[in-house]
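The structure under discussion appears below in the form of structure tokens.
The chains referred to below are lettered A, B, ... by the order of the sequence lines, with proteins before strands, and numbering in each begins at 1.
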Amino acid sequence: MGNDTKYKARTFRAVGTRPVRPDGIDKVTGRARYGADFSMPGQLVGRVLRSDVPHATIKKIETAKAEALPGVKAVITAKDLPDYTDGDEELYAVLDNCMARKKVLYDGHAVAAVAAVDEKTARAALKLIEVEYKIHKHVTDVDEAFKPSAPVIRKDCFTTGVKPRPKKASNVSACSEFGHGNIKKGFKEADVIIERQFKTGQTHQGYIEPHACVGSISPDGSGDLWVCTQGHFVYRQMCSQLLGMDQSRLRVTSSEIGGGFGGKTHIWIEPVALALSRKANQPVKVVMSREEVFRASGPTSATSIDVKMGVTKDGRITAGEATLRYASGPYPGSWAQLGAMTAFACYDMPNVKTTGYEVLVNRPKTTAYRAPSAPMAAFAVESVIDELAKEISMDAVDLRIKNSAQEGTQSSYGPVYGPIGIGATLEAAREHPHMKAPLGENQGRGMACGFWFNFGGQSCTSLNIAEDGSVTLTVGTIDVGGARASLSLVVAEELGVEYEQVKTVIGDTGTLGFNEMTDGSRGTFASSMSAIVSVRQAIVQLKSRAAQIWDIPVDAVEWKDGHAVATGRGAKNRQPLSVADIAASAAKTGGPLAGHAQIVADGAGVSFATHICDVEVDPDTGRSTILRYTVLQDAGKAVHPTYVEGQFQGGAAQGIGWALNEEYIYGKDGRLQNPGFLDYRIPVCSDLPMIDTQILEIPNPNHPYGVRGVGETSIVPPLAAIANAVSNATGVRMTQVPMSPPRVLEALDEHLAMSRRRKRA
Amino acid sequence: MRRYDTRDIAVQYLAPQTMTEAVQALAESKGRVHVLAGGSDLLARMKGGYLEPDVIVDIKRIKSMSVIKKRAEGFSIGAGVPCIHMGRHSALKKAWPGVVEAAGLIGSDQIQGRCTIVGNLCNASPAADSVPALFAAGAMAVIQGPKGERIINIENVVKGPGKTSLKKGEMVERIQLPVKQARSGDAYLRLTPRTEMDIAIVSASVNLTLDRAGTVTEARVALGAVAPVALLVAKAGKALIGTQLDDEALETMAAACRDACDPIDDKRGTIDYRTRVAGVLATRAAKLAWQRAGGK
Amino acid sequence: MSLLIETTVNGDQREFVCEADETLMDALRNRMSLTGVKEGCGTGDCGACSILLDGELVCSCLVLGAEAAGRTIETVEGISDGDELHPLQQKFLEHAALQCGICTPGFLVAAKALLERNPNPTEEEIRYGLAGNLCRCTGYDKIVRAVQAAAVEMNGES
């Protein structure tokens, strides 16, 4: 009991059932309040002026005309956001990204903002702001930016992680390396070696709700921020730092969130809204347009990856090497590092080496996107494994099973694995009927595996029992897709009450201690661990109150099935007391009943998945159709299985979009050509089949119920699974995503031309 | 310093009840005057700030323009008719399945409830779905203006991307489809990466008439998204006449289509891809049209 | 130019004032507090602002507020019958057809229009009928199943 959060096998009563989520009713009736649905009395409309050039020095910003427009209450530029970052380079990058200080670094970079009485006036005011630029050469492609001859975006960028430190500035901000063994030796042992280059387009998280917030700074310097976010405590921390406020002076309330997938772990418009409010002395609401969302928020890295792998004839992988170049936007990132860590994580690699390069480009600042950086690395590695299997005439599943990591394997990024599920998902895939289903003409099947670390981190929860015995769990980790249902289930389980008796709510930053964001698939894992600790604290209270009521020593009270049960002499005469019974006399026994927990939720178990995909390719147009899709993933313990399935399906669908059609397209002028849902093509309902799921449960030893994060891993395998399927359907290896119709047809043509040439020769 | 005033940017909304009022409104309004039919292009462009009308003339209150009529000279489709009504009109669907399918591909059900083929035409996008089908069908545009009515071939309405031949005060009142001939059939196909909610990378429409023996006597082949405007490819049509769509005839037609293409590389597709797939889609559309015309 | 518009919203006679170029979506959200109508794109590409206008499914972002004069509007707020949820709402809850929920109002309105037109849709008809509504969370699987289940219930087969 207490703070011991190790896994103990048990039979579940509530966990594993599938009740209706508590916040559901508001969401099907239109009542739920999202970022843009909230208004403060007297609020103004804020709008941001964005750069239409990709790289330039700001020579002058003329705001007088805008300020003179009746109805305009404030116009701000970087001057109104003074630098409080105190040498913190990462935070300075955030500040500079929120409002360009000296240079604009991408198409869409914010340069000024206005607050006005209404939308029309705000729009008119933006047109009256004149910005004078000195244009510089730009570079948007990751491989171009990597070249020594590329225009250097930051004169102060010297590659870290290489020795000696370079004397010349470049667009490579950092280099990182992982691995063990001796790859030279490993490749010598191989019978077959495959080496390939891969490229992936830049994708956006594509949440349907644009960023939105209402900010208010009072004359005394205290503030309120209503915002859609994946982490209101982190937003408070960053906004207060950038505005030079004490953290506790800013209260941040999270709205319902209309999707994030990593994109709402970062601030953009929030400090701007607060700075506008401070200047106008009125609340200011800022809502991004869809175009702004694409041009200025979110995206993941575009990448270029080289992979080399060797295998023996009998299917033992002897060595693997990968060089990964990830674009991070115009600010340093650590995205290639994550790619380098995850690339070979599914396998027991005797000899492995990965090198990641962070590359600056004139595109928006890269932000996390669901298992950030892992899908691209998996695309490259899993494609090569597919080819290796073909070369040695071995089944692709069997090759993977033979080389899969196990408990005790040293991972390619360092740590030794505990109990893990990669082998189990592969075995399940091999036995799945999908694997044996017949395929028609122009159809192919592919499969691939994926890994994600998962994360836990700081969590703080409060459990409060009302006078009638009903229970409120207050958490500080945002619910992005059903976590409140899962957490109510966990409380019901641990306390021994009914699900309906528990209500889980998200507290604002004034109600709880710091909570990390909903990232790293930590929401249910970390909050449930903290909730369990909270319940256990409350049970201590409940038992002591029962002891008082009965006037017996507290040691003689047990907690069983949601009741205090007396033991020892005279126990028979004492009817067990329910939570409601004890709560009814709380006023007389010591006041409100509560349980509070503040923990660091360590030990988030790593997560693995295997995906199977059937695709049909039209050989005359290069257009691909997904015919069938199956996800098999380890959930540790599925608290609410329906929402676990939902995470599997959603990640797969995003991966399908990435694999087939989604990509940022930049023109020669360095401007984004497709900042809208019409030409940034996320899958629509008719593009997809049903997505079959199979939940495996290999308990995480570091969670009381064995829970692992499930949210992110499902986006890791699809790129490779679909590429392998397309390759199997057409006989042509696809090395670039998205595999859009023009790209596939071109690859088919090249292949045809090559085989004709071969025949002639 | 000059005071700027938001009143400078006030927009006027007019909802005429008759054709005459509409033409008058268009002719007399000053500044940027835009017709609002379905609004699916106009409002989207206003949202992005790409277009800022001074006057919006909503034509959907004009009853005569909101109907599909079967006349002696063929079907007439008013400028205010949402495409979803075309899909629900069984006689129209039976006569011109290609035209109706093309109109039905413009956007989602939500868009279908608003968008119109006249709007699709006058928006003058090279990739407009309904336009190649109207070209292949041999449709006419009935134009109303201050000087009265004029009727022109559909090919003469659009002059270039975003440009039409309409003069100040003029509007297209309706589209006139010819009477469907016996043993004829039309078809429209497009290539989009997604199944729905997409813009054609390339499209093709074919309208065929057969004799009793199943030989093509008339053929019109049109392409979309492969040039600044939709193309009626006379050579491609000619290649089918006198044939029963044997492979050689189809390949000659496809080659004529490819020759006619003058596309651009852009975010949606490449020159090579558009050119090549134009032939593929024209071939598939021809086979479908032939089937619909009763070819066996 | 401001206009006074009289219209019927979810069965109630309503009046609102709007600018000539103001969308019906903005009017519903900002002038009538019907924030169940969501803005995902403002250009008709996501369907989050779907409403029924004289019974026809449309994106309210592609309709001017002024056009609503004399017409009938139905939003997600008008779908349930008092405190009795519409079968679609109930099935969306039971099937977990929503994760973040931002697209849900649009899906419910679109699905209602679909089932009114076609009470027995095939999976393919559901998928094409809902293709104007983007969902980024669910992969659509559970949405399609919820609509199928609602259709069964509405046809009295359960």
Does K38(C) pair with D37(A) as a salt bridge, N-O distance under 4.0 Å? yes
Rounded to the nearest 0.5 Å, the CZ atom of F648(A) sits from the CG atom of D141(C) at a distance of 13.0 Å
Report which part of E124(C) has an atom under 4.5 Å of a heavy atom belonging to chain A: side chain, backbone, both, or neither. neither
Could you go step by step and tell me if T29(A) and Q89(C) meet the side chain to side chain contact (heavy atoms under 4.5 Å, CB included) rule? CA-CA 8 Å; T29(A) 54; Q89(C) 292 172 310; 3.9 Å; yes
Point-to-point distance, once rounded to the nearest 0.5 Å, from SG of C46(C) to CG of L678(A): 12.0 Å
Gap between atom CG of L93(C) and atom CG of D23(A) - 0.5 Å precision: 9.5 Å
Below 4.5 Å from any heavy atom of chain A, which atoms of H95(C) appear? Answer side chain, backbone, both or neither. backbone
Chain A contact via L108(C) - side chain, backbone, both or neither, heavy atoms under 4.5 Å: side chain
Non-hydrogen atoms of chain A under 4.5 Å away: do they reach the side chain of L85(C), the backbone, both or neither? side chain
Where does T43(C) contact chain A at under 4.5 Å (heavy atoms): side chain, backbone, both or neither? neither
Non-hydrogen atoms of I208(A) and L134(C) that approach each other most closely: CD1-CB, 3.8 Å
Looking at A131(C), G36(C), P105(C), G47(C), which one has more heavy-atom pairs under 4.5 Å with chain A than the rest? A131(C)
Is it the side chain or the backbone of E256(A) that comes within 4.5 Å of chain C heavy atoms, both, or neither? neither
Min side-chain heavy-atom separation K120(A)-E22(C) under 4.5 Å: no
Report the distance from atom OH of Y128(C) to atom CG of D687(A), rounding to the nearest 0.5 Å. 7.5 Å
Where does P689(A) contact chain C at under 4.5 Å (heavy atoms): side chain, backbone, both or neither? backbone
Distance-minimising heavy-atom pair for D45(C) and F677(A): CB-CB, 3.7 Å
Any idea which heavy atoms bring I691(A) and G139(C) closest together, and the distance? CD1-O, 4.2 Å
Quick one: do E19(C) and R123(A) make a salt bridge, cutoff under 4.0 Å? no
Got a donor-acceptor contact below 3.5 angstrom from the Q649(A) side chain to the K142(C) backbone? no
In terms of heavy-atom pairs under 4.5 Å, which option from R31(A), E291(A), E645(A), R33(A) contacts chain C the most? E645(A)
Side-chain (Y140(C)) to main-chain (P683(A)) donor-acceptor, under 3.5 angstrom: yes
Chain C contact via E119(A) - which portion, at a heavy-atom distance below 4.5 Å: neither
Between A36(A) and chain C, with a heavy-atom cut-off of 4.5 Å, which part of the residue counts as in contact: side chain, backbone, both or neither? both
When you measure from the side chain of R136(C) to the backbone of Q205(A), do you find a donor-acceptor pair of N or O atoms at a distance under 3.5 Å? yes
Looking at every non-hydrogen atom in both residues, tell me the closest pair between C137(C) and F261(A) and how far apart they are. SG-CZ, 3.6 Å
Can you find a pair of side-chain heavy atoms, one from C685(A) and one from V144(C), that are under 4.5 Å apart? yes
Looking only at G481(A), S289(A), A653(A), the option with the highest number of non-hydrogen pairs under 4.5 Å against chain C is G481(A)
Can you measure from CZ (R29(C)) to OG (S39(A)) and round to the nearest 0.5 angstrom? 8.5 Å
Counting only non-hydrogen atoms closer than 4.5 Å, does I656(A) touch chain C with its backbone (N, CA, C, O), its side chain (CB onward), both, or neither? neither
Can you tell which part of L688(A) gets under 4.5 Å to a heavy atom of chain C, answering side chain, backbone, both or neither? both
Salt bridge or not between R18(A) and E94(C)? Use side-chain N to carboxylate O under 4.0 Å. no
Minimum heavy-atom distance Q99(C)-R21(A), with the two atoms named: O-NH2, 2.6 Å
Nearest heavy-atom neighbours spanning G101(C) and Y34(A): C-OH, 3.0 Å
Between NZ on residue K264(A) and SG on residue C100(C), distance to nearest 0.5 Å: 7.5 Å
